[in-house]
Protein chains: 2
Amino acid sequence: MTSLRKLASHLGLSITTVSRALDGYADVAVATRERVEQAAKAMGYRPNPAARRLRRGVGETVAFVLPTDPGHFHEPVFSELLVTVGEELARHEHDLMLLAARPGKDEMAVYHRLVEGRRADAFIIVRTRHQDERIAYLMAKGVPFVCHGRTDTAEPYAFIDGDGEEGFHSLTQRLVARGHRRIAFLSAPTHLTFAGLRLAGWRRAMQAADLAADIVEEAEPTEEGGFALAHRVLDSHARPTALICATDRMAIGAIRAAADRGLTVGSDIAITGHDNIPAASYCQPSLTTMELPTRLIGARLADMVLARLGGADLRDLTEIHGLVQMPRGSSGETNLEGVVRTADAQEAVFEVTEGRKT
Amino acid sequence: MTSLRKLASHLGLSITTVSRALDGYADVAVATRERVEQAAKAMGYRPNPAARRLRRGVGETVAFVLPTDPGHFHEPVFSELLVTVGEELARHEHDLMLLAARPGKDEMAVYHRLVEGRRADAFIIVRTRHQDERIAYLMAKGVPFVCHGRTDTAEPYAFIDGDGEEGFHSLTQRLVARGHRRIAFLSAPTHLTFAGLRLAGWRRAMQAADLAADIVEEAEPTEEGGFALAHRVLDSHARPTALICATDRMAIGAIRAAADRGLTVGSDIAITGHDNIPAASYCQPSLTTMELPTRLIGARLADMVLARLGGADLRDLTEIHGLVQMPRGSSGETNLEGVVRTADAQEAVFEVTEGRKT
DNA sequence: GGCGCTTTCCAAAACGTTTTGGAAGACAAT
DNA sequence: ATTGTCTTCCAAAACGTTTTGGAAAGCGCC
């Protein structure tokens, strides 16, 4: 197509000058620059990304590897994150590469291929784990990355996260205030950082209220997982009056389990989640939940990864955001009829709770 | 890192020979090839993709542009498609590039940037429309693509689709057989091809049964859309006894609307969807739906796009697959207690109904 | 010993960009 | 006139691969 060479010969300039004119170097005359820019636009010139990557040694490509089981990927949170990250990256002329790999051997093989094959320049890591092989590897290789969620490591690293500990603490307090005494926690696998934090928030609130934090079960953060755990917990001799679920998907499973036993969710039993996925507004009753405004987070994640690529200081890239609580019918906290949606929460409170320096 | 040059000098061979040895040309001695392969593995050689792309003129990159509204992307179907397509492409050393753009100006700008900037070699197009600008553009440019869904065009094009017309026809027949007479259709916008087909299937069955196909409403294929339409339709003087929704998300909204009016879904009113998203199993009652096994479709889509890149004949790349019906509680067709899941349907009937030659 | 045929290898060009290390010219100061 | 300083431009190398068009060596055959 239109190469730098064509452009140059058409203008009667050297290819060097054209290149530098377009890149805004000071060493080309103003008149020349304008002439070049005009011609470039007229001829529809677009630099060849392959050539640029080859010469520069880096391509503007960010990889997003979904830690997903073979064919299952139904995480509304990640979906939304994906598109917002993609939009933001595209705005800065960067490409988003999407891959999927189940945690474990396959997953690391993907990272190796991408890093060693120079296919990606930076990574976005989601669903972080306490001990996270991915993070250790990228750190060792010196490849920039940003995490959605935290991990256990001595070195500083860039991340953005919701304050799950605080969010679940305050939720639990609310339930306690409403008279609940036996509150169960349906957890996601605690090797996932977010699960441990949410669990800790619940536990802290329970202990502060002198209540036994003894009903904890753990399963995959899916409808199926929540469904199974709820059944198990509701079987116990001293049935809890509230089920705090680590995620909305689990809560939706739990609601179904409770209903199958003839319990009226919202009055007989309170059930809550986290994420505010669209389905949460359409359960019966609507699901009490909390959220980290995904769109803003996605854009921020993209900006952070771009900052990392630009060599920004790591310590400016750690953010913990407050969660927006959305009490709804499933915890009996609202008497509203019909569907309770909170699209406006997207625009709601969104501030950095803590700029942590690790 | 390890370049071809390093490898060559280390082996005492020319860079040409090393390249050809690794590419399996006949003109290198067996002994040499083995020596080269061994050294390549030992030194961890990986061809630099940028260099390769530059020289070859094509990069192994497939773009997937999600036609999504600003920050909203909650289509479980696309999510699942994404990961399976990604996996399959990765298996063949291809990259999947993800972008998002709302239909209209922005969307076409993305296509222009990708095509003219040589950032993508092929496209996967989803949520096809009757008149589809994307398809017209790619055809004009001669860029390979594969559609998930059909479009109206004289020229042949590669696509894979579920037989929505037949699926909704047979669903409607089933409902009629169960005694329903006033059956409403809650449609997605009919400029989307799939919506028109599903609508047509319902209409054909209604007419064949001498029933009035007069309750049709149209909205976005979201929970919110289904919710609004259901309310509107249930308001009418002669309330329907069944609501056939174009998608599961709409059906979930409709279920909520019916429940809000005190109707018992499954007995007072039947509600059905399409897609078999995970939430469909956890509604109350479980949602009657049908599905196109997404994993298989995703892999097939990837294979087709690879075939297109390999120059395969278009006419071998048109497939319409039969849908798997899953009757569940929301249409009163099953008396099963509890959650009805059909994960096994993934492995179920899956055959090409018709290999169409356009 | 000249010719042709195989087999095995390689030098060099090319892809389109960025960047290095000047060169040429204008102008001012000496 | 020489020297120095700016400003503006450019030739050429480099990034790492693939591919073209041979070359060299070995062998058989007349």
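Convention: sequence-line order gives letters A, B, ...; per-chain numbering from 1. Just so you know, these numbers use all the heavy atoms, side chains as well, and skip hydrogens, waters and symmetry mates. Just so you know, these numbers come straight off a predicted model, no measurement behind them.
- In terms of phosphate contacts, A:Thr32 brings a side-chain nitrogen or oxygen within less than 4.0 Å of OP1 or OP2 of D:dC9.
- Residue B:Ile15 is classed as a base contact, given a heavy-atom separation below 4.0 Å to a base.
- In this model, no side-chain donor or acceptor of B:Ser14 finds a partner on the base of C:dA11 within 3.5 Å.
- Donor-acceptor pairing under 3.5 Å, judged by distance alone, is absent between the side chain of A:Asn48 and the base of C:dC15.
- Between A:Thr16 and B:Thr17, the one whose closest nucleotide on DNA chain C sits nearer the 5' end is B:Thr17.
- Salt bridge status for B:Arg102 with B:Glu107: absent, with no side-chain N to carboxylate O gap under 4.0 Å.
- Ranked by how close their nearest DNA chain D nucleotide is to the 5' end, A:Gly12 and B:Ser3 are led by A:Gly12.
- For D:dT19, the OP1/OP2 oxygens have a side-chain nitrogen or oxygen of B:Tyr25 closer than 4.0 Å.
- Side chain of B:Thr84 to main chain of B:Glu80: a donor-acceptor pair is present (N/O by atom type, distance under 3.5 Å, no hydrogens or angles).
- For the pair B:Arg56 and C:dC15, the criterion of a side-chain N or O lying under 4.0 Å from OP1 or OP2 is not met.
- In the set C:dA11, D:dT17, C:dT17, the nucleotide with an atom closest to the side chain of B:Arg52 is D:dT17.
- Each of A:Arg20 and B:Arg118 has a nearest nucleotide on DNA chain C; the 5'-most of these lies closest to B:Arg118.
- Distance alone, capped at 3.5 Å, places no donor-acceptor pair between the A:Ser79 side chain and the B:Ser79 backbone.
- Looking at heavy-atom distances under 4.0 Å, B:Ser19 makes contact with a base.
- In this structure, of D:dC10, C:dT19, D:dG16, it is C:dT19 that holds the atom nearest to the side chain of A:Arg55.
- Annotation: side chain of A:Thr151 is not in contact with side chain of A:Arg129 (no heavy-atom distance under 4.5 Å).
- Distances shown here put a side-chain N or O of A:Arg5 below 4.0 Å from the OP1 or OP2 atom of C:dC15.
- Mapped onto DNA chain D by nearest heavy atom, B:Asp27 and B:Tyr45 fall at different nucleotides, with B:Tyr45 at the one closer to the 5' end.
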